[in-house]
Amino acid sequence: MLDIQFIRDNPELVADKSKQKGYEVDITQLLGFDKERRELLQQVEDLRRQRNELTTKNKDQKPSDEQVKAGRELKDKLTDLEHKLSSIEQEYEDLLKQVPNVTPDDTPEGGEENNREEKKWGEPRQDDVEDHQAWGEKRGLIDFERGAKVAGNKFYYLKGELVQLELAVFQFGLQLAAKYGFTPVTVPHLVSQRAIEGTGFSAKGDEDQIYKIEGEDLHLIATAEIPLTGYHAAEILPTDKLPLLYVGLSPAYRKEAGAYGKHSKGLYRVHQFNKLELYVFCKPEDSEQWHKKLVDLEEEFCQALEIPYRLVRIAAGDLGQSAYKKFDIEYWSPADKNYRELMSCSNVTNYQARRLNIRYKNAEGKTEFVHTLNGTAAAFSRVCVALIENHQAAGDKVKIPTALQPFMSGKSEI
RNA sequence: GGAAGGGUGACCGAGUGGUUGAAGGUACUGGUCUUGAAAACCAGCGUGCCGUUUACGCGGUACCGUGGGUUCGAAUCCCACCCCUUCCGCCA
């Protein structure tokens, strides 16, 4: 959510930035509601003042008949106006929540095709490799057929050494995150609607992406970002505790409705995967710096796992509602001879904090919204694909990167 | 799932219809005292919104889990819901 005052002061800017992101929000209409709301509010508050004046006169004695009568009249008028006010406020808030976060001026314009490559690391291998699904199924390590039998398409079993590999990846990831100061957290996998909306997952798009428990206000998380954002909701964080750094370990459940087709082969796009998610609550002036550190951490992860990658700055049209600035790390896919998304990290400034009312006391003693950031530390399904494809060696073995070997009983290949 | 008790400011905790935005305490901030610190004492100390002001500020309004209701008037009464604690049941 944006600050209404900011929108009032910069209506064209907000409209432009929303448009760049591809969000159709009528700022003029929003400001109209805002104006109407404020006018009504003044009338309502004036009536309330009259009521308060009338009743405080009667402190400890019975009111006269006229006072009761006057009070009744005021009450009728108030009830009427309050109803009008609350319906305007409803429309106003609905619209305000739809306004996406603004973006800095150096954000590439356009959609996904305009994402800007910032950096490349590693040597993309050009020889042919077996794709991860075929490789895994042949060895009985990945089983989509039986996954479909019990749950449906895009569900799977992982077995044997791939399970060990998964645990190793998370162990390594946790260790790396700890080096940067992150506290490991496990989180609720089911959350309320309110928690989802707080993260800025579009309330409407929900149905395409998030599983809902029938008959309850409970939803399977699409990422630990959701429960981690809500963790400090409505709190005033002690300034000396900032930044608060968490690395959440959880499964991620995604409907991925309509996401079939390209880039959905095998483990790349599935309904469920385990993930390590980084989350930062910090002072506004520190968020840029923490964004860089999140990128550093992610790069260090890829380098340790010897996965060639490139760092990409996400263009406006490819940003989500809450992102102010976002980078993706794309791994080199030897099967596709192309880079594909592996992890991402976003600075959402105070967009989520404002919605969930997460604040701290600044140097002047004023309460102010914190900034929040999130980033992938490791989404195993994709890491698994990247490892299998990039580390295939002679004899169809897959080499295990040195960094992971300590977590796999020293095993050096699968 | 059943029963009982409870949700008040950063925290603890009074408060069952009318100067209660809310006693008291803690914490915090400033001051006195002290070589310094502690202690003691004095003072200050919530937030949102609307309006107003060059500004310090000022005026109004709202907020005692959430949402409704009763009343001239609600933290206080009524209803629903949420959450917490304890006990019972069930269970990894």
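Here is how names work: the chains are called A, B, and so on, in the same order as the sequence lines, proteins then strands, and each is numbered from 1.
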Can you tell me which residue pairs pass the side chain to side chain donor-acceptor pair (under 3.5 Å) test with a partner in residues 171-181 of chain A, sequence neighbours excluded? Lys179(A)-Glu300(A), Tyr180(A)-Glu300(A)
Among residues at least two apart in sequence or on other chains, which ones pass side chain to side chain contact (heavy atoms under 4.5 Å, CB included) with Glu166(A)? Leu158(A), Phe170(A), Asn274(A), Phe380(A)
Rounded distance in Å - CG (Leu40(A)) to C1' (C49(B)): 14 Å
Round to a whole Å and report the spacing from NZ of Lys69(A) to P of U71(B). 18 Å
[N] and [M]: how far apart are their [atom1] atoms, nearest whole angstrom?
N	M	atom1	answer
C84(B)	U32(B)	P	49 Å
G69(B)	G73(B)	C1'	15 Å
A38(B)	A27(B)	P	12 Å
A80(B)	U86(B)	C1'	24 Å

Show your reasoning for whether side chain to side chain donor-acceptor pair (under 3.5 Å) applies to Tyr268(A) and His132(A). CA-CA 9 Å; Tyr268(A) 187 78; His132(A) 73 277; over 6 Å; no
List the residues meeting side chain to side chain donor-acceptor pair (under 3.5 Å) with [X], not counting sequence neighbours, and say none if there are none.
X	answer
Arg354(A)	none
Ser333(A)	Glu389(A)
Lys119(A)	Glu299(A)

The dot-bracket string of RNA chain B, counting Watson-Crick and G-U wobble pairs with both distances under 3.5 Å, using [ ] for crossing pairs and | for pairs to another strand, is ((((((((.[[[..)..(.....]]].(((((.......))))).(((((((....))))))).[[[[[..)....]]]]])))))))....
Test of understanding: with salt bridge (charged side-chain N to carboxylate O under 4.0 Å, His left out), list the residues that count as partners of [X], not counting sequence neighbours.
X	result
Asp94(A)	none
Asp76(A)	none
Glu39(A)	Lys35(A)
Asp143(A)	Arg146(A)

Give a yes or no on whether a salt bridge exists between Arg49(A) and Asp46(A), defined as a side-chain N under 4.0 angstrom from a carboxylate O. yes
What is the per-nucleotide protein-contact pattern of nucleotides 51-66 of chain B, from the 5' end, where B denotes a base atom under 4.0 Å from a protein heavy atom, S denotes such proximity for sugar-phosphate atoms only, and - denotes neither? S--------BSS----
Whichever of His83(A) and Tyr92(A) has the more 5' nearest nucleotide on RNA chain B, that residue is Tyr92(A)
Could you identify which residues of residues 73-81 of chain A place a heavy atom less than 4.0 Å from some atom of RNA chain B, listed by residue number, or say none? Lys75(A)
